[in-house]
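All heavy atoms count here, side chains included; hydrogens, waters and symmetry mates do not.
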Amino acid sequence: MNALKRALRALFLPVESALETVFGPRLNPITQLGTLGWFLFWIVTASGIYVYVFFDTGVTQAWQSLETLSREQWWLGGIMRSLHRYASDALVVVVLLHALREFAMDRIRGNRWFPWLTGVPLIWFLYVCGITGYWLVWDKLAQYVAVSTTEWLDSIGIFSEPIARNFLDSERLSGRFFTLMAYIHIAVPLLMLLFMWIHIQRHAHARVNPHRALGIGTLAALVALSLVRPALSQAPADLDTSPLRIGFDWFYFTVYPLLDHMSGRTLWAILIGGSVFMTALAWLPPLRKAPPARVDLANCNGCGRCFADCPFGAITMVARSDGTKYEQEAQVVENMCMSCGICVGACPTATPFRSAGELTAGIELPGRSVAALREEVVAAAAKLTGQPRVVVFGCAHDAGSPALADTSTAVISLPCVGMLPPPFLDFLLSRGHTDGVLVSGCAEHDCFERLGDQFTEQRIANERDPNLRDRVSRDRIAVSWNNPARRGSLREALRQFRAHLETREGAPPVKSAGRAAWRAKLRTWPAPVRYAGQFVAYAAMAAFVGYFATQPMFTYLEPDQALLKLSFIHAGQPLVACRHYTSAELAKTSVNRRRATDCARGRWPVTVELDLDGQPLYRGTHEPAGLWDDGPSSVYARFEVPAGRHRLDARLRDNGEHQGFAYTGSEVVDFVPGQNFVVDFSAADGGFVFDRAVRGRNPGRAP
Amino acid sequence: MTLLEWRDDFCIGIEEVDHEHRELIELINALHAEFAGDASGGRVEGFLGEILAGVSAHFALEEKVMRARGYGALTDHKADHEHLLDDLRDLMDEHAAGAVLDEAAFAARLAEWFSAHFRTHDAKLHKSLAR
């Protein structure tokens, strides 16, 4: 599993670096997948509400109303409809990439299981939304979706009669099904929103909006796609014919073609098993479990800074427990703590100026105490012989800071650079332990511990407590944020920082208020090239979404084939014939319990055979439904038949005999390509009924 | 002999803040006593560090209280906090640089800060909260 993660990281990281070069860290879409997901969800919601205003639920009205909207109001309704579709498709891409990336970056394990566990159902909800949405359009694709989905659901075997029978032919189709679909298509997104909210509950300061420019760019790309390639319906659904080739949304119906190659149950098992396995990934060994942060009440006055800074909401402020006059104390929720140490960096008592023997911060990471950190950094700095001396504070996920160590560079590794209390910078520089400090962390705006980079920068820039005192020269403090693949950038940043320190050597320390840390000027592309790159990235996204939303076409039925469906519901004969009570028996029974017949429960199974041109096409014995085996038996089978004239022979036995058939029927049928021909059975009508729909309407109307 | 006596008009009416004010005064008095004894190097520096940490934590708490109660003059009050911390750091740097300090004046300066801050900013906070 770790090898897989490494391989995925090897794929992700160069792409992320390239996108960061083009978009800059703030707008990098690959580090904003979560917020992009929220943004797309809102686009889908807003456009969906608009489209719903014009949507009629009904067998014929549904398709017509959308067609009218797209054609006559293309300038708004058409765009809204297209946005609704394309933003939904983009949402699939974003959600799946988001999940894959969090997995690859190993941000799902240990105490981070919560967003992962709540994220898996979100994927299911998303697909339910998409499938029901396409259903509502009631075009050829919708027809395919309706038939395939109901057949697939029927394979579970929980429905007493096949729900696919609702879509057998146009006679049986009910407008109420659209009402149901519309209901699901509105209810599930609401459920999805609830889960999205739950999904981020364990993230303090969770961001749900992408940076404005990224949002505008994404929306603009989708609008452009909507104008270039408006989302339209395919031909209206007609249950008496089957679609041959269908424009296919590969984002939502990815697994549907598999139904041609495996049973519905197998596919359910794969998807459900896959989801369970995916969920379990958060707990698979080796588990990363560092000891959680610990509060030292003797040093905690309940100021709440660690509470404000914990990115995982793992700190709560509770009533004071030690009898002192303070109102509150910080408490670590151990099973939510990621041991990143950002709380330590926030604690006002974590200052290295304190007495050597008494340096315990109000909150500490066991095994990485502030006192030991001071010892370590002072000792490491003392060994430096080269000039100028630089102390590098690196994190566990930066671009390999340990490799920077040399005679003039000391490297101190922290779980997250957010663990570094700003007074350490003041201490190291004012006491002459080093000439400069370089803080090296994860890619900007993509901190492994979520907010370590931002908090570090804000503390240094005097925008967040605990702030770095104004007296500390900011040009002796550098920050460098790089993903693990950008080792060269980190080296270059250190090289430039060192050169900068040399040139300012001898100058008196500058008191610099409210200024940000020093940054290396890394080689980047000129602005026009970067904007062009952004344009290409947006266009590529739009093209990808626009293409796979309908292409390549899916072949449901070869052009010379017709569909033959054998489907009916018929109750077999009772196992024991009902017996009429005699008058004498009735007389003995109390009035309220009298009834005409005495029927034992249980029915014979129904055996049905269908031959095509004298060759066996179907043989099946169907058990009665119901807990007491007294319900009707139901049959649903679908066959592809070459077009042309064929003879059908059907036989049915429902009385438990071993031979002979109670009902038989034959018909010679001219199958037209794409025809949907149903063999039904109705005892009341005398047995087999060959294509009730065609007969009921105009027999000549079949295509 | 103590350098700074707690006075009832220092009270701002928030128990935890008053409690910590008292503790800080004790800390400063202890520093004063330290100077009166042996003011040699390391111990004093560590002591100053303790005061810096204690004062920083106290200000953090007081700022939380002010924020929670929507205190209007938070910005000014916080600026004074920052000012006090800077002064304290100046003193620490002077001490670390080996400047010959008049120990008594040094401790008196600390005491003066606190009484001045109590008289002005904390009293204002007290009035605002009492309303």
Side-chain angles (χ1 to χ4, degrees), chain A residues 296 298-309 317 319-320 323-330 346-363 370-371 374 421-424 426-427 429-433 462 464-472 509 511 513-514, chain B residues 11-24 26-27 30-31 34 41-69 74-75 78-79 81-98:
Chain A
D296 180 56
N299 280 284
C300 173
N301 66 0
C303 76
R305 284 198 179 155
C306 52
F307 166 74
D309 277 12
M317 300 306 294
R320 199 73 187 185
T324 52
K325 303 244 165 124
Y326 298 114
E327 271 182 34
Q328 291 185 312
E329 66 191 43
C347 184
T349 66
T351 162
F353 291 107
R354 294 174 63 184
S355 313
E358 297 172 32
L359 176 49
T360 304
I363 190 161
V370 174
R374 177 173 64 185
F424 265 80
D426 187 1
F427 174 75
L429 293 168
S430 71
R431 293 294 178 263
H433 291 293
N462 213 342
R464 184 176 196 89
D465 288 324
N467 51 27
L468 180 63
R469 306 227 58 74
D470 287 346
R471 65 181 46 246
V472 185
K511 278 200 179 186
Chain B
C11 275
I12 68 161
I14 297 166
E15 201 179 10
E16 57 179 347
V17 174
D18 290 336
H19 166 68
E20 207 164 42
H21 280 156
R22 281 197 189 90
E23 293 218 320
L24 284 173
E26 273 169 34
L27 195 60
L31 175 71
E34 186 80 9
R43 271 184 66 79
V44 167
E45 182 169 358
F47 224 122
L48 289 172
E50 289 299 332
I51 291 180
L52 179 73
V55 172
S56 302
H58 171 64
F59 287 169
L61 177 64
E62 206 173 271
E63 285 159 21
K64 177 184 96 164
V65 169
M66 288 191 279
R67 253 182 223 110
R69 304 191 182 208
L74 172 68
T75 319
K78 186 167 167 36
H81 284 170
E82 298 296 332
H83 180 67
L84 292 187
L85 289 170
D86 271 338
D87 270 358
L88 184 53
R89 277 289 292 112
D90 281 342
L91 277 180
M92 291 166 70
D93 280 357
E94 285 168 31
H95 180 80

Practice prompt. Identify which part of B/Arg22 has an atom lying under 4.5 Å from any heavy atom of chain A, answering side chain, backbone, both or neither.
Written response: neither
Worksheet item: Do A/Phe353 and B/Glu50 touch side chain to side chain, with heavy atoms closer than 4.5 Å?
Response: no
Discussion item. Do the side chains of A/Asp465 and B/Lys64 get close enough for a salt bridge, i.e. N-O under 4.0 angstrom?
Written reply: no
Fill in: salt_bridge(B/Glu20, A/Lys325) N-O dist < 4.0 Å
no
Practice prompt. Measure B/Glu82 against the heavy atoms of chain A and call it side chain, backbone, both or neither at under 4.5 Å.
Written response: both
Item to complete: Working to the nearest 0.5 Å, report the span between CE of B/Met92 and OG of A/Ser430.
Response: 8.0 Å
Worksheet item: Measuring heavy-atom distances to chain B, does A/Arg320 have an atom under 4.5 Å in its side chain, in its backbone, in both, or in neither?
Response: neither
Worksheet item: Hey, what do you get for CG (B/Leu61) to CD (A/Glu327), rounding to the nearest 0.5 Å?
Response: 8.5 Å
Fill in: Heavy-atom proximity to chain B below 4.5 Å, by part of A/Thr349
both
Worksheet item: Are any non-hydrogen side-chain atoms of B/Glu16 and A/Asn301 less than 4.5 angstrom apart?
Response: no
Discussion item. Does any part of the side chain of A/Arg471, heavy atoms only, come nearer than 4.5 Å to the side chain of B/Arg89, both counted from C-beta?
Written reply: yes
Item to complete: Check whether A/Asn299 gets within reach of chain B through its side chain, its backbone, both or neither, counting any heavy atom under 4.5 Å.
Response: neither
Discussion item. Taking side chain as everything from C-beta outward and backbone as N, CA, C, O, which of these in B/Leu85 sits under 4.5 Å from a heavy atom of chain A? Side chain, backbone, both or neither.
Written reply: both
Worksheet item: Minimum heavy-atom separation for B/Gly49 to A/Arg354, with atom names?
Response: O-CG, 3.6 Å
Worksheet item: What option among B/Ser56, B/Ala53, B/Gly54 has the most heavy-atom pairs under 4.5 Å with chain A?
Response: B/Ala53
